Amino acid sequence: GLLLITSGFRKLITYKNELFIAALISLPYASLYNFLKPVINLDAQLLNFMLHYLGFQTNRKGAIVYLSNGSVEVMPSCSSVGPILTMLPFIVVLLSIYPTRKSQKFFVYISSIFAIILINCLRLSLLAILLDRGDIDGFNYWHTGGGAGIFSNLIVFLIGGLS
């Protein structure tokens with residue numbers, strides 16, 4: 001509303017990056033989780049793949065990966081969807097500050113999304129291994145304790161470096 005008052009409809013296009021950032025921030029995450037549900041299955045597939053090649057006997061059914069001593073379900077809140085939705089406005093801000101070509105922006109967006117999925121899958125693999133070994137204290141540390149922030153910081157630093 002403030003942009004319309006100060007610049008009018010004709011000059012509103014000059015603020016396209018700022019409007020895009022505002023739209024990304026104001027979107028309800030609940031509706032985007034349903035839109036990005038294939039990412040949850042991709043996380044489960046990649047988790048199954050990583051655990052299999054680490055030597056674990058795994059089976060996957062949907063978002064649930066079965067191990068020898070239990071199973072792990074990739075919940076929407078633990079999937080890569082949350083970090084992707086959190087980091088997209090950050091990437092838009094970084095790319096609007098510095099002049100970049102469209103091909104560079106495309107590269108940053110795609111590589112950032114793949115980096116988020118890979119780092120989150122490493123986190124999920126660590127959590128699954130801890131659960132399979134019965135280390136509940138280690139699981140709690142890496143899931144909700146101080147260890148969970150390490151992966152978030154790693155994602156932020158990696159995306160900042162890519163941008």
Side-chain angles (χ1 to χ4, degrees), residues 1-51 53 60-65 72-128 139-163:
L2 188 60
L3 283 175
L4 282 174
I5 292 171
T6 58
S7 64
F9 280 109
R10 286 187 211 145
K11 294 183 182 177
L12 197 60
I13 193 71
T14 59
Y15 299 104
K16 65 181 176 187
N17 289 333
E18 290 82 2
L19 291 172
F20 183 64
I21 293 169
L24 274 177
I25 293 172
S26 65
L27 286 174
Y29 284 157
S31 64
L32 291 176
Y33 270 113
N34 291 332
F35 178 70
L36 294 174
K37 191 164 178 124
V39 175
I40 298 169
N41 289 329
L42 179 68
D43 283 340
Q45 287 176 348
L46 194 55
L47 173 62
N48 187 36
F49 177 78
M50 290 178 102
L51 290 174
Y53 281 100
R60 185 184 68 85
K61 190 173 193 180
I64 301 174
V65 177
V72 177
E73 181 177 2
V74 180
M75 302 295 289
S77 59
C78 286
S79 69
S80 300
V81 174
I84 288 171
L85 294 177
T86 304
M87 294 308 296
L88 276 179
F90 177 64
I91 296 168
V92 171
V93 168
L94 287 177
L95 291 179
S96 66
I97 292 173
Y98 301 106
T100 53
R101 294 187 308 267
K102 287 185 180 183
S103 62
Q104 291 172 327
K105 288 180 183 182
F106 181 75
F107 171 75
V108 169
Y109 285 123
I110 296 300
S111 59
S112 297
I113 289 171
F114 282 124
I116 289 170
I117 291 172
L118 181 66
I119 290 172
N120 193 56
C121 193
L122 289 172
R123 178 182 157 268
L124 291 173
S125 297
L126 174 67
L127 293 173
F139 174 81
N140 288 333
Y141 176 76
W142 288 103
H143 187 254
T144 56
I150 293 172
F151 289 99
S152 301
N153 288 334
L154 185 62
I155 288 172
V156 171
F157 289 130
L158 184 67
I159 288 178
L162 283 171
S163 298

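By convention here, the first residue in the shown sequence is residue 1. Remember, predicted model here, so these are calculated numbers, not experimental data.
In this structure, the separation between NZ on Lys61 and CG on Asn48 is 14.0 Å, given to the nearest 0.5 Å. Remark: Thr100 OG1 to Lys102 NZ distance equals 11.0 Å, nearest 0.5 Å. Between atom CD1 of residue Ile150 and atom CG of residue Asn153 there is a gap of 8.0 Å, rounded to the nearest 0.5 Å. Atom CG of Leu47 and atom CD1 of Ile64 lie 12.0 Å apart (nearest 0.5 Å). Note that CD1 of Ile119 and OG of Ser80 are 9.5 Å apart. Values are rounded to the nearest 0.5 Å.
No side-chain donor-acceptor contact under 3.5 Å links Arg123 to the backbone of Ser125.
Side-chain contact between Tyr109 and Leu162: absent, with no pair of heavy atoms (C-beta onward) separated by less than 4.5 Å. At least one side-chain heavy atom of Cys121 sits less than 4.5 Å from a side-chain heavy atom of Met50. Between Ile116 and Leu158, the closest side-chain pair of non-hydrogen atoms is not below 4.5 Å. You'll find the side chain of Asp43 reaches within 4.5 Å of the side chain of Asn120, heavy atoms only.
Ala44 and Val65 get closest at one heavy-atom pair: O-CG2, 3.7 Å. Between Ile91 and Ser112, the shortest heavy-atom contact is CD1-CB, 3.5 Å. In this structure, Arg60 and Asn41 approach most closely via the heavy-atom pair NH1-O, 4.5 Å. Of all heavy-atom pairs spanning Thr86 and Gly82, the tightest one is OG1-O, 2.7 Å. The two residues Gln104 and Arg101 come nearest to each other via the heavy atoms OE1-N, 2.9 Å.
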| query | So Leu127 and Val72, side chain to side chain contact (heavy atoms under 4.5 Å, CB included) or not? Walk me through it. | reply | CA-CA 9 Å; Leu127 293 173; Val72 177; over 6 Å; no
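Sorted by first and then second residue, the ring-ring contact (aromatic ring centres under 6.0 Å, His included) pairs with a member in residues 143-163 read Phe139-His143, Trp142-Phe151; sequence neighbours excluded.
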